[in-house]
There are 2 protein chains.
Amino acid sequence: MTAIKESSTRNENKEMSISACPVSYVMNKIGGHWKPVILYQLMSGPKRYSELRKAIPTITEKMLIQHLKQLQTDDLVIRTAEPVVPPFVTYKLSKVGESLTPVLNAIANWGYAQTGR
Amino acid sequence: MTAIKESSTRNENKEMSISACPVSYVMNKIGGHWKPVILYQLMSGPKRYSELRKAIPTITEKMLIQHLKQLQTDDLVIRTAEPVVPPFVTYKLSKVGESLTPVLNAIANWGYAQTGR
DNA sequence: ACAAGTACTTACCCTAAAGTATGTATCAAT
DNA sequence: ATTGATACATACTTTAGGGTAAGTACTTGT
């Protein structure tokens with residue numbers, strides 16, 4: 001997952017605006033193209049890794065686990081692995097993740113309104 | 001503003017998920033780090049270019065006008081220029097831009113809740 | 001013996017997004 | 001004549017994000 005350069009100006013600018021602006025803070029947590037999409041899928045209940053892949057066909061496996069990992073470390077989703085084989089892994093929203101529901105719904109509703117349902 | 005390569009796989013994947021998922025559609029319109037921040041600033045009323053710069057100190061001028069232009073072509077903000085010198089240019093939310101208010105408020109509120117106000 | 005299913009991991013490469021730095025036009029005031 | 005203010009523009013470079021392709025581990029079914 002290739003570490004980020006802490007010292008880059010890019011990162012500094014982000015850090016600064018995060019502490020100053022709530023919107024900026026949120027965009028860092030759930031910004032990017034895929035994270036909100038994944039979270040939106042998990043809003044309808046826990047899903048297995050393979051289910052998520054099917055639900056979001058255009059995402060690559062790399063992106064999917066990469067973001068799932070990030071969402072875990074950000075305490076937005078919880079991973080549960082059954083010690084069986086073949087593996088059975090489910091992902092679900094954490095409490096904090098669930099608190100994003102209004103945000104994701106607001107986003108989705110606006111999207112529907114713009115694209116004409 | 002360097003044209004994008006329409007044929008890139010990256011773009012294709014985006015296009016596909018945009019049409020399939022409302023969240024993905026929205027992230028393309030107001031995704032990225034700066035666009036929501038700019039829109040959030042404009043929620044409190046029209047602002048001059050220089051006022052926006054002061055309100056978002058960490059953004060570079062390049063990013064600011066680049067995104068302002070994009071937001072214009074996406075019909076989210078309206079630019080008004082008085083034919084005077086020195087220039088007097090104001091930006092404000094369009095009708096569609098104003099319809100983003102619930103989305104941006106939901107985002108900001110969540111941000112406040114997470115960071116502890 | 002080996003193919004299939006599941007959930008990853010890793011190495012390599014490419015590109016869009018962002019930053020840096022500098023330049024432009026116009027007029028008023030000093 | 002030079003400075004200042006305002007709202008940009010443009011060339012160049014860096015970097016984070018994303019894509020491609022291939023491999024791993026473990027067991028059940030054939």
Side-chain angles (χ1 to χ4, degrees), chain A residues 1-17 24 27-28 30-38 46-72 77 79-91, chain B residues 1-17 24 27-28 30-38 46-72 77 79-91:
Chain A
M1 229 203 309
T2 54
I4 56 168
K5 279 196 180 175
E6 301 249 359
S7 57
S8 68
T9 312
R10 204 152 167 178
N11 217 44
E12 279 175 27
N13 279 8
K14 266 194 182 179
E15 291 297 327
M16 288 189 64
S17 49
S24 200
M27 292 323 285
N28 251 270
I30 63 160
H33 186 74
W34 295 117
K35 272 193 227 168
V37 178
I38 295 171
K47 289 214 167 40
R48 291 185 67 175
Y49 175 79
S50 50
E51 290 178 307
L52 283 172
R53 256 177 37 210
K54 274 169 213 154
I56 318 171
T58 50
I59 199 173
T60 61
E61 286 197 80
K62 185 196 165 193
M63 283 299 102
L64 184 52
I65 32 136
Q66 192 175 105
H67 286 126
L68 282 173
K69 276 192 174 180
Q70 188 59 53
L71 291 169
Q72 277 174 79
V77 313
R79 193 190 99 117
T80 317
E82 313 281 342
V84 296
V85 69
F88 193 97
V89 179
T90 51
Y91 291 91
Chain B
M1 227 198 316
T2 54
I4 55 169
K5 278 197 181 174
E6 301 251 359
S7 56
S8 68
T9 312
R10 202 154 171 180
N11 216 45
E12 279 175 28
N13 279 9
K14 267 194 181 179
E15 292 295 328
M16 287 189 64
S17 49
S24 198
M27 293 322 284
N28 251 270
I30 64 160
H33 186 75
W34 296 117
K35 272 193 226 169
V37 179
I38 295 171
K47 288 215 168 39
R48 292 185 67 176
Y49 175 80
S50 51
E51 288 178 308
L52 283 171
R53 256 178 36 210
K54 273 169 216 157
I56 317 170
T58 50
I59 199 173
T60 60
E61 286 197 81
K62 186 194 165 195
M63 283 299 102
L64 184 52
I65 34 141
Q66 192 174 106
H67 286 125
L68 282 172
K69 276 192 175 180
Q70 189 60 53
L71 292 169
Q72 277 174 78
V77 314
R79 192 190 99 117
T80 317
E82 312 281 340
V84 295
V85 68
F88 193 97
V89 179
T90 51
Y91 292 90

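By convention in this document, chain letters (A, B, ...) are assigned in the order of the sequence lines, proteins followed by strands, and residues within each chain are numbered from 1.
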Is A/Thr60 near enough to D/dG18 that one of its side-chain N or O atoms lies under 4.0 angstrom from OP1 or OP2? no

OP1 or OP2 of D/dG18 less than 4.0 angstrom from a side-chain nitrogen or oxygen of A/His67, does that happen here? yes

Can you tell me how far the [atom1] atom of [X] sits from the [atom2] atom of [Y], to the nearest 0.5 Å?
X	Y	atom1	atom2	answer
B/Lys35	B/Leu68	NZ	CG	11.0 Å
A/Ile59	A/His33	CD1	NE2	8.5 Å
A/Ile56	A/His67	CD1	NE2	10.5 Å
B/Glu82	B/Arg48	CD	CZ	9.5 Å
A/Gln66	A/Leu71	CD	CG	11.0 Å

Between its two end axes (five pairs each) the helix from C/dA1-D/dT30 to C/dT30-D/dA1 turns, nearest 10 degrees, through 20°

Find the distance [X]:[atom1] to [N]:[atom2] and express it as a whole number of Å.
X	N	atom1	atom2	answer
A/Met27	C/dA18	CE	C1'	15 Å
A/Ile59	D/dG19	CD1	P	8 Å
B/Leu52	D/dA7	CG	P	10 Å
A/Trp34	D/dA16	CH2	C1'	17 Å
A/Gln70	D/dG17	CD	P	9 Å
B/His33	C/dG19	NE2	C1'	13 Å
A/Leu64	D/dG18	CG	C1'	13 Å
B/Ile56	C/dA18	CD1	P	13 Å

Reading nucleotides 6-12 of chain C from 5' to 3' and marking B where a protein heavy atom lies under 4.0 Å of the base, S where only the sugar-phosphate is that close, and - otherwise, the string is BSBB-B-

Side chains of A/Glu51 and A/Tyr91: do they bring a donor and an acceptor to under 3.5 Å? no

Residue pair B/Glu61, B/Tyr49: steps toward the side chain to side chain contact (heavy atoms under 4.5 Å, CB included) verdict: CA-CA 10 Å; B/Glu61 286 197 81; B/Tyr49 175 80; 3.0 Å; yes

With A/Ile38 as reference, evaluate A/Ile30, A/Leu64, A/Val77 under the side chain to side chain contact (heavy atoms under 4.5 Å, CB included) test and give the passing residue. A/Leu64

What I'd like to find out is whether the side chain of B/Thr58 reaches to under 4.5 Å of the side chain of B/Trp34, using heavy atoms alone. yes

